[in-house]
Student: 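Attaching a single structure in structure tokens format; questions to follow.
All heavy atoms count here, side chains included; hydrogens, waters and symmetry mates do not. Indexing begins at 1, ligand by ligand and atom by atom, following the structure's order.
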Amino acid sequence: MKQKFLGYQCSLCKTEFKPGEVTYTCPKDGGNLDIIYDYSSLQQDLSPETILSSQEESLWRYLPLLPVDQVHGRGTPLQAAGWTPIFSPPELREQLGLQSLWVKDESRNPTASFKDRASAVVVARAQEIGAEVVVTASTGNAGAALAGMAAAVGQKAVIFAPHTAPPAKIAQLLIYGAQVLLVNGNYDQAFDLSILAANEFGWYCRNTGYNPFTLEGKKTAALEIWECLINRKSFGRPLSVFVSVGDGNIISSLHKGFKDLQALGWLDKMPRIFGVQAEGSAAVANAFSAGTEDINPIAADTLADSISVDLPRDGVRAVRAASQTGGAYLTVSDVEILTAIADLGRVGIFAEPAGAAAYAGLHRALKQNIIGSDDSVLVFNTGSGLKDVNAAMQAVAPAVIIDPTLSAVEQALDLSI
Ligand SMILES: Cc1ncc(COP(=O)(O)O)c(C=O)c1O
Ligand SMILES: [Zn+2]
């Protein structure tokens with residue numbers, strides 16, 4: 001196959017760069033870079049059937065549409081990222097009055113969040129360019145994903161995370177053997193510091209909304225939705241996709257995945273993309289409702305730590321993901337997020353707060369008549385509830401403690417029935 005990865009295009013000024021010319025953001029204006037492909041030669045070499053018949057049960061089935069040359073980490077957790085299940089729980093459909101509802105469960109990834117998609121592809125890239133150390137700033141999940149994927153192939157990783165990150169996420173970083181630096185500050189401060197350190201020590205930086213390869217890895221979720229759902233069903237109206245938003249890289253990646261498919265002529269109707277933010281961390285939603293792409297930083301405050309971001313690093317593309325697809329932004333309170341954790345739990349899906357936020361957003365969209373009962377909806381759970389057990393315990397009543405006697409059991413059952 002001919003070279004498919006042509007280079008980069010700045011999402012702000014549209015300047016194009018060759019693959020070796022830039023690494024992270026646009027040197028002119030700091031805009032996020034989109035990776036561009038030679039779609040006409042891809043169209044000649046590839047057909048949907050090439051992908052649909054792949055035996056690879058991971059994101060690597062989309063290798064022809066990714067900017068790396070080969071599958072890295074065969075037989076390791078790195079090879080296992082992606083290809084997550086799509087559930088359709090009847091109870092949730094009934095509760096919401098929706099005919100068609102799916103939940104794509106990203107907690108099934110090797111390190112239990114959506115971020116494995118990005119980290120798998122960034123680590124593959126790091127191996128191809130011979131990077132010795134990969135670094136990232138993270139609220140926890142991106143770091144755990146990088147640490148896990150790096151460990152899988154013996155790559156050195158350094159992680160900067162806020163010291164307030166949930167203990168389970170910090171445990172993952174340590175167990176995967178990364179160099180962990182807990183910053184006495186918030187995610188935004190960890191972000192800025194990680195870039196200073198990367199420049200100083202010559203490390204390859206994975207940061208979300210900074211390294212263009214993260215978005216390419218994450219776009220595979222859109223390719224999976226196309227392959228497993230859109231390609232198999234006929235929808236009257238386009239599919240509506242709900243996802244939570246912090247930096248805005250996941251939502252932008254879904255948009256890019258669908259745009260790639262349209263460029264190849266494999267997707268007729270662009271899905272509508274809905275971003276969900278916590279009320280206390282709503283910089284992108286604010287810009288969307290003001291009808292602007294200018295992102296004003298806020299002082300983030302929400303229990304959903306993964307989407308607690310002062311200045312979203314991929315805000316412009318995140319606004320466009322909704323505005324250019326007929327989608328919208330919704331904001332949800334921490335209480336609504338906790339309710340969503342419990343609702344998803346009752347159908348067997350255990351989400352961390354940022355994962356459940358998307359489902360809370362769907363509730364809001366139904367209340368506000370943005371979504372109707374005839375819409376087909378897919379909601380992402382982006383991360384496992386095991387990542388933040390403290391938050392989970394706030395979503396449910398505590399368990400009863402009883403004496404080890406049958407009468408105590410009877411008494412307890414009487415009380416709770
Ligand atoms: C579980 C989870 N959901 C959602 C997000 C939001 O992704 P993004 O920051 O790309 O908007 C993150 C990011 O850390 C996350 O870990
Ligand atoms: Zn630019």
Side-chain angles (χ1 to χ4, degrees), residues 8-17 22 24-34 104-107 109 111-119 136-146 161-162 165-166 168-169 172 187-188 190-191 206-211 214-215 217-219 221 242-256 273 275-278 281-285 295 300 302 304-319 321 329 337 341 350-359 361 379-388 391:
Y8 306 90
Q9 185 178 41
C10 173
S11 56
L12 298 182
C13 69
K14 305 294 173 201
T15 306
E16 293 191 8
F17 302 94
V22 284
Y24 300 119
T25 50
C26 175
K28 296 182 181 173
D29 53 19
N32 291 116
L33 300 177
D34 286 316
K104 189 159 175 64
D105 190 4
E106 293 293 309
S107 73
N109 275 296
T111 79
S113 86
F114 195 114
K115 304 284 169 144
D116 283 337
R117 296 178 184 276
S119 291
T136 198
S138 170
T139 55
N141 284 333
L146 176 61
K169 295 180 183 178
Q172 280 188 294
Y187 167 63
D188 294 77
F191 192 102
R206 175 226 175 272
N207 279 12
T208 298
Y210 184 64
N211 185 321
T214 62
L215 182 133
K218 291 172 178 174
K219 82 177 180 188
F242 280 71
V243 70
S244 60
V245 173
D247 272 319
N249 194 242
I250 293 182
I251 194 169
S252 305
S253 77
L254 298 176
H255 193 200
K256 173 68 158 45
I273 305 179
V276 182
Q277 293 208 284
S281 180
V284 185
I295 312 290
T302 167
D305 66 293
S306 300
I307 50 172
S308 185
V309 177
D310 292 356
L311 176 63
R313 307 291 168 152
D314 214 340
V316 174
R317 289 189 299 190
V319 169
Y329 269 82
I337 291 174
I341 291 178
F350 192 11
E352 69 162 271
Y359 185 71
V379 183
F380 272 98
N381 167 28
T382 42
S384 166
L386 291 172
K387 299 251 194 187
D388 189 352

Student: Can you spot which of Asp105, Thr111, Asn109 makes a side chain to side chain donor-acceptor pair (under 3.5 Å) with Ser107?
Tutor: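 When Asp105, Thr111, Asn109 are each tested with Ser107, the side chain to side chain donor-acceptor pair (under 3.5 Å) holds only for Asp105.
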
Student: Decide whether Asp305 and Thr139 meet the rule of one side-chain donor and one side-chain acceptor closer than 3.5 Å.
Tutor: no

Student: Please find the pair of heavy atoms, one from Leu12 and one from Gly31, that lie closest to each other, and give the distance.
Tutor: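 Of all heavy-atom pairs spanning Leu12 and Gly31, the closest is CD1-CA, 3.6 Å.
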
Student: Test of understanding: given a 4.0 Å heavy-atom threshold, classify the contact between Glu352 and ligand 1 as side chain, backbone, both, or neither.
Tutor: side chain

Student: Do you know the tightest heavy-atom contact between Thr302 and Ile307?
Tutor: CG2-O, 4.4 Å

Student: Looking only at protein heavy atoms, which one is nearest to atom 16 (O) of ligand 1, and how far off is it?
Tutor: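 Residue, atom and distance for the closest contact: Asn141 ND2, 2.7 Å.
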
Student: Could you tell me, atom by atom, which parts of ligand 1 come under 4.0 Å of a heavy atom of Val245?
Tutor: 11 (O)

Student: For Thr139, counting its heavy atoms only, list the atoms of ligand 1 lying under 4.0 Å from any of them.
Tutor: 14 (O)

Student: Got the closest protein heavy atom to atom 9 (O) of ligand 1, with its distance?
Tutor: Asp247 N, 2.8 Å

Student: May I ask you to identify the nearest protein heavy atom to atom 15 (C) of ligand 1, giving residue, atom name and distance to one decimal place in Å?
Tutor: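 Answer for atom 15 (C) of ligand 1: Ser306 CB, 3.4 Å.
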
Student: Can you report which non-hydrogen protein atom sits closest to atom 14 (O) of ligand 1, along with the distance?
Tutor: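 Of the protein heavy atoms, Lys115 NZ, 2.8 Å lies nearest.
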
Student: Looking only at N/O atoms, are Ala354 and ligand 1 under 3.5 Å apart anywhere?
Tutor: no

Student: To 10 degrees, how wide is the angle OD2 (Asp29) to the Zn ion (ligand 2) to SG (Cys10)?
Tutor: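 That angle works out to 100° after rounding to 10°.
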
Student: Heavy-atom count around Lys14 NZ within 6.0 Å, excluding the residue itself: above 12?
Tutor: yes

Student: Between Ser113 and Lys387, do the side chains contain an N or O donor and an N or O acceptor separated by less than 3.5 Å?
Tutor: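 Lys387 and Ser113 do not have a side-chain donor-acceptor pair below 3.5 Å.
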
Student: Using a 4.0 Å heavy-atom cut-off, which part of Ile307 comes near ligand 1: side chain, backbone, both, or neither?
Tutor: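 Under 4.0 Å from ligand 1, Ile307 contributes side-chain atoms alone.
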
Student: For Asn141 and Glu352, test the side chains for any donor-to-acceptor distance below 3.5 angstrom and give the result as yes or no.
Tutor: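 Asn141 vs Glu352: donor-acceptor pair found between side chains.
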
Student: Among all protein non-hydrogen atoms, which one is nearest to atom 7 (O) of ligand 1, and what is the separation to 0.1 Å?
Tutor: Ile250 CD1, 3.3 Å

Student: Of all the non-hydrogen atoms in the protein, which one sits nearest to atom 2 (C) of ligand 1, and at what distance?
Tutor: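 Nearest neighbour among protein heavy atoms for atom 2 (C) of ligand 1, to 0.1 Å: Thr382 OG1, 3.4 Å.
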
Student: Would you mind checking which non-hydrogen protein atom is closest to atom 4 (C) of ligand 1, with the distance to 0.1 Å?
Tutor: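 Sorting protein heavy atoms by distance from atom 4 (C) of ligand 1 puts Ser244 OG, 3.2 Å first.
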
Student: Which heavy atom of Pro27 sits nearest to which heavy atom of Phe17, and what is that distance?
Tutor: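 For Pro27 versus Phe17, the nearest heavy atoms are CD-CZ, 3.5 Å.
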
Student: Geometry only, no angles: is Gly248 polar-contacting ligand 1 at N/O separations under 3.5 Å?
Tutor: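 Among all N and O atoms of Gly248, at least one is under 3.5 Å from an N or O of ligand 1.
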
Student: Under 3.5 Å, is there a donor on one side chain and an acceptor on the other for Asn249 and Lys218?
Tutor: yes

Student: Might you point out which heavy atoms bring Gly355 and Thr382 nearest each other, and give the distance in Å?
Tutor: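 Heavy atoms of Gly355 and Thr382 come nearest at CA-OG1, 3.3 Å.
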
Student: Show me which atoms of ligand 1 lie under 4.0 Å from any heavy atom of Gly246.
Tutor: 6 (C), 8 (P), 9 (O), 11 (O)

Student: Counting each atom of ligand 1 from 1 as listed, which ones have a heavy atom of Asn249 under 4.0 Å away?
Tutor: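 The list of qualifying atoms is 8 (P), 10 (O), 11 (O).
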
Student: Establish, for the pair Arg313 and Tyr210, whether the NZ or CZ atom is under 6.0 angstrom from the six-membered ring centre and no further than 45 degrees off its axis.
Tutor: no

Student: Between Val243 and ligand 1, which residue portion shows a heavy-atom distance shorter than 4.0 Å: side chain, backbone, both, or neither?
Tutor: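 Neither part.
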
